[in-house]
Amino acid sequence: MSTTGTYNARQFNLSGLKGISDQTLEMHFKLYEGYVKETNNLTDRITEFIKDGNVDQDEMPAYSELTRRLGFEYNGMVLHEYYFDNLKSGGGTGDPMGRTAFRQGAEDSYGSYDIWKADFVGIGKMRGVGWAICYQNPANGRLSNHWISLHETGNVAGFDPILVMDVWEHAFILDYKPADRPKYIEAFFTNIDWAAVERRLGQRTAQPIAA
Ligand SMILES: [Fe+2]
């Protein structure tokens with residue numbers, strides 16, 4: 001049968017990051033492939049339920065559970081693609097250099113890049129399992145940072161992910177102790193592909209913070 005959700009796992013070339021080992025990345029790519037597989041698997045199973053044009057009452061518990069899990073797996077797949085895409089093979093150069101659109105956006109939305117960064121890093125250090133994500137509101141160009149629990153709770157509908165940082169322990173446990181998440185966050189910033197971040201930014205100019 002044909003399905004509506006057949007995704008292929010993407011390949012990423014990210015060797016030589018600073019402070020995030022190739023072993024960590026290999027393990028992480030395997031985990032990502034698991035999300036792709038499960039997204040396809042759940043989509044196929046849900047398709048089976050609905051192919052007769054109706055979800056019967058006795059099917060509802062299983063159908064509901066699969067559908068709830070789809071949100072977890074789907075976001076797990078997509079967020080990992082954003083995360084790998086905003087890392088730079090061979091390592092980056094740290095904070096954005098010069099007058100970039102991102103730096104400007106951070107200033108317009110937070111007052112300064114440093115304050116934006118303090119917020120993003122602070123979110124990354126929050127206890128729990130999830131992600132720190134900087135989004136852009138397509139309606140006005142403003143940037144805002146958010147905590148995402150697991151993969152699916154806290155994403156802002158319709159906002160564009162601009163910078164995505166995985167803070168699940170699997171993202172760093174081979175390189176750092178659980179309590180050393182701040183060191184991983186520091187390493188993450190060293191490896192950001194700011195050119196990729198710039199490409200994600202819309203053309204809209206952020207409305208400056210009202211005085
Ligand atoms: Fe991850």
Side-chain angles (χ1 to χ4, degrees), residues 1-12 14 24-87 119-120 122-140 142-173 178 181 184 188 196-197 199-202:
M1 63 171 290
S2 64
T3 65
T4 53
T6 303
Y7 285 91
N8 293 317
R10 289 179 46 203
Q11 301 294 313
F12 299 91
L14 277 183
T24 290
L25 288 166
E26 283 308 313
M27 182 195 68
H28 215 162
F29 293 149
K30 285 272 177 291
L31 281 171
Y32 156 68
E33 286 168 16
Y35 285 109
V36 176
K37 194 171 162 214
E38 272 308 297
T39 297
N40 288 330
N41 180 32
L42 289 172
T43 302
D44 287 349
R45 292 174 68 187
I46 290 166
T47 301
E48 281 295 316
F49 275 105
I50 58 176
K51 70 179 180 185
D52 62 356
N54 186 46
V55 181
D56 299 327
Q57 200 53 41
D58 65 336
E59 293 175 329
M60 189 54 81
Y63 171 83
S64 302
E65 176 58 18
L66 293 176
T67 300
R68 285 186 220 286
R69 284 172 52 195
L70 186 64
F72 174 81
E73 302 291 352
Y74 224 119
N75 281 287
M77 173 178 72
V78 171
L79 289 183
H80 278 103
E81 291 173 351
Y82 274 102
Y83 171 72
F84 295 136
D85 274 339
N86 62 212
L87 291 171
D119 185 52
F120 190 85
I123 290 171
K125 291 177 183 171
M126 283 169 56
R127 293 173 68 78
V129 176
W131 302 74
I133 301 183
C134 176
Y135 281 100
Q136 185 179 37
N137 180 349
N140 60 14
R142 292 287 294 272
L143 301 178
S144 54
N145 298 324
H146 298 266
W147 167 258
I148 312 305
S149 292
L150 299 174
H151 305 306
E152 74 277 35
T153 306
N155 293 292
V156 186
F159 278 29
D160 299 320
I162 302 299
L163 181 66
V164 174
M165 178 169 69
D166 191 341
V167 290
W168 284 57
E169 283 180 1
H170 67 238
F172 59 87
I173 200 69
R181 196 196 287 187
Y184 157 72
F188 171 84
V197 170
R199 285 194 294 273
R200 290 174 182 168
L201 281 171

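All figures in this text were calculated on a predicted structure; none of them were measured in a lab.
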Flag, side chain of N40 to backbone of Y7, donor-acceptor distance under 3.5 Å: yes
Aromatic ring pairing H170/W168, orientation class (parallel under 30°, perpendicular over 60°, tilted between): tilted
R45 atom CZ, over 12 foreign heavy atoms within 6.0 Å: no
N/O donor-acceptor pair under 3.5 Å between E73 side chain and L42 backbone: no
side-chain contact (heavy atoms from CB on, under 4.5 Å) between F84 and D166, worked out: CA-CA 9 Å; F84 295 136; D166 191 341; over 6 Å; no
Parallel, tilted or perpendicular, as decided by the 30° and 60° cut-offs, for the rings of F188 and F120: parallel
Partner residues of E38 under the salt bridge (charged side-chain N to carboxylate O under 4.0 Å, His left out) criterion, sequence neighbours left out: R69
Step-by-step side-chain contact (heavy atoms from CB on, under 4.5 Å) determination, L201 to Q136: CA-CA 7 Å; L201 281 171; Q136 185 179 37; 4.0 Å; yes
Under 3.5 Å: donor-acceptor pair, side chain of N86, backbone of V164: yes
Parallel, tilted or perpendicular: rings of F72 and H151 (30°, 60°): tilted
Side-chain donor-acceptor contacts of residues 54-66 below 3.5 Å, not counting sequence neighbours, with atom names and distances?
from, atom 1, to, atom 2, distance (Å)
N54, ND2, D56, OD1, 2.9
E59, OE1, D56, N, 2.9
S64, OG, M60, O, 2.7

N/O donor-acceptor pair under 3.5 Å between R181 side chain and F172 backbone: no
Between E152 and Y74, a side-chain donor and acceptor under 3.5 Å: no
